[in-house]
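Predicted model, so just to flag it, every value in this text is computed and none were measured. Here is how names work: the chains are called A, B, and so on, in the same order as the sequence lines, proteins then strands, and each is numbered from 1.
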Amino acid sequence: MNYPQAYSEVEQNMISLDSNTLIKDFPILNRKVRGQSLVYLDNAATSQKPYAVIDAIQQYYFKTNANVHRGVHYLSEIATDAYEGARKKMQKFVNAVSSKEIVFVRGATEAINLVANTYGRKFIGKGDEILITEMEHHSNIVPWQILCEQTGATLRAVPINDAGELIYSEFENQLSTKTKLVAITHVSNALGTVNPIKRLIEKAHQVGAIVVVDGAQAAPHQEIDVQDLDCDFYAISGHKMYGPTGIGVLYGKQKLLESMPPYQGGGEMITTVSIKESTYAAPPYRFEAGTPNIEGAVGIGAAVDFISSYGVNNIAEYENELLQYGTAKLKEVEGLRLIGTAEHKAGILSFVFDDIHPHDIGTILDQQGIAVRTGHHCAMPVMERYNLPATTRASLAIYNTKADIDALVNGLIKVKEVFQ
Amino acid sequence: MDDLRGLYEEVILDHNRRPRNFNKVPEACNHRAQGNNPLCGDRFTVYLTINEGVIDDVGFEGAGCAISKASASLMLESIKGKTIQEANELFNKMHHLLTDDFDLEAEVDDLGKLEALSGVKEFPMRVKCATLSWHIMSAAINEDAKNVTTE
């Protein structure tokens with residue numbers, strides 16, 4: 001996996017991204033908020049959508065809409081092509097061996113719940129262990145807690161150091177032949193830490209554990225190669241990667257998906273149904289009951305096209321440059337302390353500021369048109385680890401600029417003035 | 001930015017900077033309740049000393065945003081020395097002020113410094129910050145009121 005390069009190296013490379021043009025691609029970024037220009041720095045919560053994605057969804061309803069898979073008429077055929085076409089785009093996006101390894105779900109949360117409820121219920125039992133980390137989002141904690149309650153398995157969590165990095169020796173210590181499943185985030189939404197998941201996956205496989213990766217914060221911002229990572233499952237949320245809400249992907253190795261019982265029952269996921277019994281479809285359809293979120297799939301496919309047109313690695317380079325700039329600028333603000341200072345980070349800047357509560361910081365920034373997130377970021381264990389009730393979090397995407405960072409810094413100066 | 005002055009006005013900032021009755025557990029405290037806003041991390045415990053239906057002493061502990069802390073400080077100041085009934089009436093009035101249409105002109109005499117909280121209504125995302133301590137106070141009063149009637 002390529003870690004972000006140093007700032008000076010990046011300067012020498014050509015970055016084809018032009019944020020000034022890009023902003024025009026995103027209709028919502030041109031609106032005013034509280035009478036001010038919008039400075040949108042809440043991308044870890046959800047990303048804004050380019051015209052191309054919005055248009056693709058509109059066009060689907062204008063021209064292509066029908067139910068998929070079952071019909072024999074023309075619209076049904078082209079709707080199916082659109083849906084399955086999106087599946088193939090996702091396969092390429094993550095470099096999966098086959099499109100059969102791509103299951104459409106509602107988002108990363110559902111993807112993880114799907115694994116817990118099918119693979120988990122079948123293969124994990126009393127005395128087994130599930131290993132997560134202290135930096136996980138609730139969506140990669142609670143499904144495993146529920147699974148442990150149901151099966152009698154034990155949940156363990158690898159701690160993090162003060163910089164917000166996984167303590168690797170603790171990971172090794174907690175891995176044992178009892179560990180059946182490791183669930184780990186690729187990028188921490190609260191801290192921005194990028195985990196060395198290829199290495200962690202290798203280690204986990206050595207003890208016979210499978211690995212579920214939460215890629216919600218990674219997918220929009222860096223290359224994902226599931227074959228190179230050798231992960232067993234990978235969860236993606238469409239709305240975080242410039243796609244619509246309500247769609248996501250669970251990648252799973254084919255032989256694993258084939259071994260899993262159904263998730264939800266209903267139409268589409270069966271081969272035959274009689275009152276006495278039913279037989280189930282092969283993956284991925286086995287896990288897609290009912291009429292799918294076709295517009296969502298079309299949207300996430302268009303999002304993949306959008307990202308690919310700039311090149312995922314160019315995006316990673318650009319955002320890393322912005323992260324370095326933002327980190328340096330925020331460090332200059334008196335009284336500001338960054339939370340999450342790992343050596344390898346994604347474009348997430350969490351911080352505390354004097355003793356001003358993040359909620360107040362967020363409200364005052366909001367009045368200046370600046371959107372950040374305040375609170376525990378669905379990562380209460382992280383807050384507990386740092387003994388904080390909450391942090392303020394700015395998170396970057398492809399359309400953010402140095403001017404956005406400057407606006408944030410000026411905004412924070414105004415915050416300080418209010419509390420003077 | 002002028003709108004902010006409606007929210008972070010001087011009384012609020014003062015009560016956030018120097019909250020009254022803060023980090024204080026009153027002697028002979030006989031009512032207490034805890035509450036929190038899990039969504040944003042405001043968390044307080046309210047302590048009351050109530051004798052013969054009168055709130056003799058008050059105190060609170062905890063952490064939270066400026067609005068929640070100032071509201072708690074203002075709230076306790078306003079109920080100290082009042083009867084339980086007066087405190088409950090004040091709770092209803094404040095709840096009404098923060099969540100419904102409220103004729104400020106007509107009722108302003110009763111509110112005193114609490115008027116400072118009226119600006120919160122323009123910030124719907126912050127209303128829960130302002131009302132938190134009031135709910136805790138109400139729970140603290142009524143929780144023991146139940147005990148009193150069962151004895």
Checking heavy-atom separations under 4.5 Å from chain B, one finds in residues 381-391 of chain A A/Pro389, A/Ala390
Taking atom types as modelled, is there a side-chain donor on B/Ser118 or B/Glu115 under 3.5 Å from an acceptor on the other? no
- Does a side-chain heavy-atom distance below 4.5 Å link A/Arg31 with A/Tyr40? no
Within residues 50-71 of chain B, contacts to chain A at heavy-atom distances under 4.5 Å involve B/Gly64, B/Cys65, B/Ala66, B/Ile67
inquiry  = Would you say A/Ser139 and A/Thr109 are linked by a side-chain donor-acceptor pair, where the criterion is simply a distance under 3.5 Å?
reply    = yes
Regarding B/Tyr8 and A/Asp360, is there a side-chain donor-to-acceptor distance under 3.5 Å anywhere? yes
Nearest heavy-atom contact between A/Leu323 and A/Gly347 is CD1-CA, 4.0 Å
Okay, B/Arg43 and chain A: the region with an atom under 4.5 Å from a heavy atom over there is neither
Applying a strict 4.5 Å limit to non-hydrogen atoms, the region of A/Gln420 in contact with chain B is backbone
Requested in this report: Report the relative orientation of the aromatic rings in B/Trp134 and B/Phe91; use parallel for angles under 30°, tilted for 30 to 60°, perpendicular for over 60°.
Outcome: tilted
Residues of residues 22-29 of chain B with a heavy atom under 4.5 Å from any heavy atom of chain A, in residue-number order, are none
The complete set of salt bridge (Lys or Arg N to Asp or Glu O under 4.0 Å) pairs with one or both residues in residues 362-375 of chain A, sequence neighbours excluded, reads A/Arg34-A/Asp366, A/Asp42-A/Arg373
- Query: So do A/Phe419 and A/Ile361 actually touch side chain to side chain, heavy atoms under 4.5 Å?
  - Reply: no
Is there a side-chain contact between B/Lys121 and B/Leu97 in this structure, where contact means two heavy atoms from C-beta onward sitting under 4.5 Å apart? no
Legend entry - Donor-acceptor pair, side chain of A/Asn161 and main chain of A/Ala163, under 3.5 angstrom: yes
Can you label the angle between the A/His376 ring and the A/His138 ring as parallel, tilted or perpendicular, going by 30° and 60°? tilted
Check: Without hydrogens or angle criteria, can the side chains of A/Asn43 and A/Tyr242 be said to hold a donor-acceptor pair below 3.5 Å?
Finding: no
Note, B/Leu76 side chain near B/Leu48 side chain (heavy atom, < 4.5 Å)
yes
| task | State whether the side chain of A/His377 and the backbone N or O of A/Ala379 hold a donor-acceptor pair below 3.5 Å, judged by distance alone. | result | no
